[in-house]
Number of protein chains: 2
Amino acid sequence: MNFTTSEENHIKCIYHLQQVTGLVNTNSLAAEMQTRPASVTDMLKKLKAKKLLHYERYKGFKLNEAGKKAALDVVRKHRLWEFFLVEKLKFDWDKVHPIAEELEHINSAELIQRLDNFLGNPSFDPHGDPIPDKHGKIPVINQQNLSTVTLKKMLTVSSVTNQSVQMLEMLKHYNITLGSQLMVLKKFEFDESLEIKVLKQSPCIISEQVAKNVFVQYV
Amino acid sequence: MNFTTSEENHIKCIYHLQQVTGLVNTNSLAAEMQTRPASVTDMLKKLKAKKLLHYERYKGFKLNEAGKKAALDVVRKHRLWEFFLVEKLKFDWDKVHPIAEELEHINSAELIQRLDNFLGNPSFDPHGDPIPDKHGKIPVINQQNLSTVTLKKMLTVSSVTNQSVQMLEMLKHYNITLGSQLMVLKKFEFDESLEIKVLKQSPCIISEQVAKNVFVQYV
DNA sequence: TATTATTTTTAGATTTGTCTAAATTTATTT
DNA sequence: AAATAAATTTAGACAAATCTAAAAATAATA
């Protein structure tokens, strides 16, 4: 089935929220979508009519299997386009999100399949997020939150959750990118901030808030 | 300035029509856009308000300089994407039009500039149509309609006007593509059909209607 | 040139996606 | 458990892009 741009945006957003909270509620989706709760309710009725979610008035909602597949289709398109923009067009990784946000709504299965092949069937996008395959299957990696990691072990940055421009600019400032090698030297109990050392850089301190958004693997 | 998808489609269509007829009228634009004359009138008011065209009720209309620049921007995007789809994603040239029709509405000057560079700043798209540069400048070629050409001189196919799937399929059947070498052997006065010989193919006959849509250069 | 035909425009309706304000339901606190 | 607060939904409005049907302007023709 085909969806409108607005439907796809809602589906994708519900998907991300329900991965964290299980059930999603109207207000948080409205906040995330920068829209009004009343508009969310309107859209929920449409998505329910299209049999994409479990939803009862006042009770919260979540995508069913069909809805999840639809969401993964959009995620796949988004991440493939991000990969294209960074790898082929040489965009900075912190600039591609808004453009991919438009490209993801172009509906042509053949286009996406060919793009995937052209890019070499990548498994992860430039932010380190996994790219679902055409059946919605997501590659898994053995990654861990930077704030939960053993001290003084060498690590590789494998993904970054929060993709706000501010966050990504900050990481750039610290010279942290995907694949960067680093080590946590010390954890300050007071505010849970971390002293880290990025390979070839002098040690620095990052807040718990930043650490929570950085995922790593042991080398 | 930025335009909606519908505005861009109308602008582009007016541009193509006024290249042939000078002034454009409501009915022909409606026919070309597969919409209703009343809808065209509505859109004309909007485009006039945005100062993109010369238009007086009941008198016909045409793009002014600002309108032409807007049209060429869309044409540029469309043809760059077509080039990408054929050259990089290996689509058949007769399948790319509808997808480029969607991609052309993504508005990011940086995206298009980078795409242009990535593709090697091509001057012609896969149908042989010239790609305007970012200032709206169109490369010129010395081409001629196949129906007006001297007999028994070697020619190269440089562009194809009518891009309907039927037309393109037919050319594929005759083994005519951009760059194909061919020669007109005979013109039948009765119906203006042509006997042509494509290099390495046996001679065949094409109608005047087809010939009128094929442009060539002398080798 | 008067009449008819064609083209174009207006007037008013429809659909989609959104909004505000008010009403309803559920949750939280005295 | 009653009162208050928060979340959610309904009702009704609006803008954009389209449509149909009817009116108005222009063009063609008898």
Side-chain angles (χ1 to χ4, degrees), chain A residues 1-14 17-18 20-63 67 70-71 74 101-102 104-107, chain B residues 1-14 17-18 20-63 67 70-71 74 101-102 104-107:
Chain A
M1 209 202 280
N2 258 14
F3 307 106
T4 68
T5 294
S6 180
E7 284 169 346
E8 284 192 341
N9 282 332
H10 282 84
I11 292 166
K12 190 179 55 159
C13 207
I14 296 169
L17 288 173
Q18 82 181 32
V20 185
T21 56
L23 257 196
V24 185
N25 51 292
T26 307
N27 270 359
S28 35
L29 182 54
E32 196 74 14
M33 297 275 313
Q34 319 234 62
T35 180
R36 301 287 155 184
S39 312
V40 165
T41 302
D42 290 342
M43 182 54 76
L44 291 177
K45 288 183 196 158
K46 288 175 202 162
L47 296 181
K48 180 167 189 186
K50 292 195 174 187
K51 298 192 193 306
L52 296 169
L53 39 78
H54 300 291
Y55 166 53
E56 277 177 277
R57 322 209 323 304
Y58 295 104
K59 295 285 170 62
F61 47 90
K62 65 179 180 187
L63 298 171
V74 182
E101 206 71 8
E102 293 199 52
E104 74 189 6
H105 300 297
I106 297 202
N107 282 315
Chain B
M1 205 200 283
N2 259 13
F3 307 105
T4 67
T5 293
S6 180
E7 284 169 348
E8 285 192 340
N9 282 333
H10 282 85
I11 292 166
K12 191 179 54 160
C13 206
I14 296 169
L17 289 174
Q18 81 180 30
V20 185
T21 56
L23 257 196
V24 184
N25 51 294
T26 308
N27 269 0
S28 35
L29 182 53
E32 196 74 15
M33 298 275 313
Q34 319 233 62
T35 179
R36 300 287 153 183
S39 312
V40 165
T41 303
D42 291 341
M43 181 55 74
L44 291 176
K45 288 182 195 157
K46 288 177 202 162
L47 296 181
K48 180 170 190 184
K50 293 197 174 185
K51 299 191 192 306
L52 295 169
L53 41 78
H54 301 291
Y55 165 54
E56 276 178 278
R57 301 181 19 278
Y58 295 104
K59 294 284 171 60
F61 48 91
K62 65 178 178 187
L63 297 171
V74 182
E101 206 71 9
E102 293 198 51
E104 73 188 5
H105 301 298
I106 297 204
N107 283 313

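By convention in this document, chain letters (A, B, ...) are assigned in the order of the sequence lines, proteins followed by strands, and residues within each chain are numbered from 1.
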Rounded interatomic separation in angstrom, taking [atom1] from [X] and [atom2] from [N]:
| X | N | atom1 | atom2 | result |
| --- | --- | --- | --- | --- |
| A/Phe3 | C/dT16 | CZ | P | 15 Å |
| A/Lys59 | C/dA27 | NZ | C1' | 13 Å |
| A/Leu44 | D/dA7 | CG | C1' | 13 Å |

| Side-chain donor or acceptor of A/Tyr58 under 3.5 Å from a matching atom on the base of C/dT24? | yes
Which side-chain N or O atoms in residues 35-43 of chain A pair as donor and acceptor under 3.5 Å with protein atoms at least two apart or in another chain?
| residue | atom | partner | partner atom | Å |
| --- | --- | --- | --- | --- |
| A/Thr41 | OG1 | A/Pro37 | O | 3.2 |

Less than 4.5 Å apart, any side-chain heavy atom of [X] and any of [Y]?
| X | Y | answer |
| --- | --- | --- |
| B/Phe61 | B/Leu29 | yes |
| A/Glu8 | A/Asn107 | yes |
| A/His105 | A/Asn9 | yes |

Quick tally for nucleotides 13-18 of chain D: nucleotides whose base has a protein heavy atom under 4.0 Å get B, sugar-phosphate-only ones S, the rest -, giving ----SB
Which donor-acceptor pairs under 3.5 Å do the side chains of residues 49-57 of chain A make with protein atoms, sequence neighbours left out?
| residue | atom | partner | partner atom | Å |
| --- | --- | --- | --- | --- |
| A/Lys50 | NZ | A/Glu7 | OE1 | 3.2 |
| A/Lys50 | NZ | A/Glu7 | OE2 | 3.2 |

* Asked: Residues in salt bridge (charged side-chain N to carboxylate O under 4.0 Å, His left out) with B/Lys12, at least two apart?
  ->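 Result, salt bridge (charged side-chain N to carboxylate O under 4.0 Å, His left out) vs B/Lys12: B/Glu101, B/Glu104.
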**Prompt:** Of all residues at least two apart in sequence or in a different chain, which pass the salt bridge (charged side-chain N to carboxylate O under 4.0 Å, His left out) check with B/Glu32?
**Reply:**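 Here no residue qualifies.
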Are B/Lys45 and C/dT10 close enough that a side-chain N or O sits under 4.0 Å from OP1 or OP2?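 Looking at the OP1 and OP2 atoms of C/dT10, one of them is under 4.0 Å from a side-chain N or O of B/Lys45.
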Handout entry: A/Tyr55 side chain near D/dT8 phosphate (N/O to OP1/OP2, under 4.0 Å)
Key = no
request  = Using heavy atoms and a sub-4.0 Å distance, could you list which residues of residues 23-32 of chain A are near DNA chain D? By number, please.
outcome  =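 Heavy-atom contacts with DNA chain D come from A/Asn25, A/Thr26, A/Asn27.
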Tightest non-hydrogen contact, residues B/Ala71 and B/Leu63, listed as CB-CD1, 4.0 Å
Exercise. With sugar-phosphate meaning primed atoms plus P, OP1 and OP2, does A/Phe61 contact a base, only sugar-phosphate, or nothing at under 4.0 Å between heavy atoms?
Worked result: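 Counting heavy atoms under 4.0 Å across all strands, no contact is made by A/Phe61.
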